[in-house]
Amino acid sequence: MTHPAPRLDFIREKVAADHASGRFGRAIMTRFPPEPNGFPHIGHAKSICLNFGIAREFGGTVNLRFDDTNPTTEDIRYVEAIKHDIEWLGFRWDRELYASDYFEQLFEIAVGLVERGKAYVDSETEAEIREHRGTVTTPGTPSRHRDRSVAENLDLLERMKRGEFPDGAHVLRAKIDLAHPNMIMRDPVLYRIRHAHHYRRGDAWCLYPLYDFAHGLSDAIEGITHSLCTLEFKDNREIYDWLVREAGFAAPPEQTEFARLELDFTVVSKRKLLRLVNDGHVAGWDDPRMPTLSGIRRRGVTAEAVRAFAEGVGVARSPARTEWAAWEHAVRDDLNMRVPRVLCVVNPLKVVLTNYPAGQVEQLEAPYYPHDVPKTGSRLVPFSGELYIDRDDFMEDPPKKFFRLAPGREVRLRYGYFITCDEVIKNGSGEVVELRCRYDPATRGGNAPDGRKVQGTIHWVSAAHALDCELRLYDRLFTVADPDSLPDGQDFLSVLNPNSLEVVPGAKVEPSVGNDPAGSRYQFERVGYFVSDPLDSRPNVLVFNRTVGLRDSWQKEKTRSS
RNA sequence: UGGCCCCUCGUCCAACGGCAGGACAUCAGACUUUGGAUCUGAGAAUGGUGGUUCGAAUCCACCGGGGCCAACCA
């Protein structure tokens with residue numbers, strides 16, 4: 001029995017070739033290198049799946065390395081969140097490492113560079129350095145300190161490390177080429193002085209390496225074989241290669257770039273996500289509208305769905321955004337096979353069954369799963385002469401294709417009886433407040449002995465038995481597909497969706513869910529997938545988050561005809 | 001504007017000089033005690049112009065479009 005060869009993406013092809021040829025002389029080793037300055041989001045999930053997946057597939061290992069080189073923006077809180085989210089996603093790392101643990105080794109490499117005339121201490125101001133770097137069309141000009149002697153550079157570097165100078169007094173720069181067409185190569189800054197407390201190294205250092213210096217060298221120190229990153233680091237590869245070569249690493253890691261994951265109607269820039277949190281546009285990093293893994297999780301999405309989505313999007317080199325529908329499909333596809341169906345009425349409309357025996361209550365057996373989901377189980381749902389149905393399921397003057405309840409129409413109550421609407425009761429302002437209906441006792445369970453059919457089946461709850469609950473109906477956070485590219489510098493906050501959260505305080509859910517633990521997932525039949533809020537939902541204060549609505553061809557029909 | 005990268009159905013990804021395929025989306029139908037799910041079918045693409053070649057989505061050139069780079073961020 002042979003399996004069709006899985007189609008490899010361009011990165012896996014490369015890894016497979018290197019693995020087969022033994023190019024590195026060591027096992028495949030990848031790494032996931034987050035900076036602990038924010039919560040991981042759906043874009044990180046793609047990178048995590050790639051790096052951890054490749055290590056697993058090729059019998060290699062994967063390092064979780066925090067690129068913690070900027071103490072002023074980083075926090076231990078974020079490293080905990082990152083670790084938690086990776087585990088939640090279903091991956092585990094072989095080694096937990098920190099770039100800050102390499103500070104001593106990195107510094108020795110810097111000293112070596114200085115000794116060989118490949119780096120120098122620059123004492124120009126930040127503004128001067130920027131100005132002297134030139135522009136993309138004009139070459140830069142050398143700093144007046146560029147030709148300091150090795151001895152002077154060494155002395156200065158050592159004193160920088162000892163803390164003799166204030167922030168910004170000096171930096172260490174690589175000595176490459178101020179006229180280089182790649183701006184990254186115009187004598188990049190390697191170290192800056194920061195008298196700041198590091199959450200890991202305390203006050204041991206006041207000299208911190210920059211990304212370009214720390215990242216590639218950290219990869220090389222660890223023996224990484226394949227260093228995978230996103231497209232915007234393409235230009236940085238040149239300094240990466242320059243540094244590992246200068247540092248003398250044999251069989252150094254190879255950097256390969258791929259397009260990051262971007263999703264319609266959301267943003268994945270940590271800067272923007274931080275702003276949403278800090279400015280209070282969302283309730284926090286784990287707000288269910290956020291594309292963070294913690295937000296997605298609280299929204300009710302499973303790790304399996306996130307992985308399926310990340311894998312489904314693919315790995316390529318062309319910058320791309322994925323449609324929202326692809327995301328919703330991954331979420332529904334997973335939940336469909338996983339969660340029990342229960343009944344919940346969003347906007348209750350009272351229905352009185354005029355011919356139902358007064359005071360009678362029946363317990364109707366209702367399966368948790370439909371015929372096409374291979375799971376079993378059922379519960380009893382109370383039925384009585386006073387019910388609630390959803391307001392959307394009744395129209396006084398229905399259009400032709402409306403299959404639900406209307407005056408004189410008969411519908412099936414899911415798992416219950418056929419009912420026919422006889423009378424519509426309105427209040428003083430003409431608003432429908434109650435329906436008087438007749439039920440057919442012969443249709444118990446939902447089938448008519450005489451074989452007659454009904455067009456529609458609607459959900460319902462027994463008024464006396466239903467539990468009150470709050471529904472949080474989440475929708476996309478932005479009103480436009482690409483909040484990252486707005487006309488003439490318009491701020492992304494201006495396209496926030498004001499209706500991204502609708503709180504429905506008075507919904508009615510069947511009593512069977514009353515004691516389920518917080519975090520339980522359901523499909524509310526004909527409405528959508530919901531999860532009881534892990535933080536706010538309690539037995540007598542039920543709160544449900546809408547993970548995603550059901551596909552709705554009636555909605556489609558309505559918009560088509562209007 | 002200098003350098004680099006990218007461009008295949010509406011969207012995302014394949015096809016690696018030899019029949020342009022899959023997924024999502026869309027449309028039509030079947031089935032249905034969820035207007036859900038499932039099943040069947042359909043429509044839908046190689047940015048443009050030249051060149052190389054028996055043969056080009058694939059190689060080359062130019063044009064067009066998009067992206068990244070001028071933090072002591074990553």
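So that the names make sense, note that chain A is the first sequence line, chain B the second, and so on, each numbered from 1. Heavy atoms only: backbone and side chains are in, while hydrogens, waters and symmetry mates are out.
For B:U46 and B:A14, the C1' atoms lie 13 Å apart once the distance is rounded to whole Å.
With B:U38, B:C24, B:C68 as the choices, the nucleotide that has an atom nearest any side-chain atom of A:H329 turns out to be B:C24.
At a threshold of 4.0 angstrom between heavy atoms, the contacts of A:F402 include nucleobase atoms, whether or not backbone atoms are also involved. Looking at heavy-atom distances under 4.0 Å, A:K556 makes contact with sugar-phosphate atoms alone, never a base. Base contact: A:R414 has a heavy atom under 4.0 Å from a base atom. As judged by a 4.0 angstrom heavy-atom cut-off over every strand, A:V454 is placed among residues making no nucleic acid contact. The residue A:V171 sits close to a base: some heavy atom pair falls under 4.0 Å.
A:Y211 does not qualify as a stacking partner of the B:A74 base, lacking a centre-to-centre distance under 5.5 Å together with planes within 30°.
The OH atom of A:Y240 sits 15 Å away from the C1' atom of B:A74 (whole-angstrom rounding). Between the CE atom of A:M185 and the P atom of B:C68 there is a distance of 22 Å, given to the nearest Å. Here B:A37 presents its P atom at 10 Å from CG of A:D333, a figure rounded to the nearest Å.
Shown here, B:A71 is classed syn by the O4'-C1'-N9-C4 or O4'-C1'-N1-C2 angle, which is within 90° of 0.
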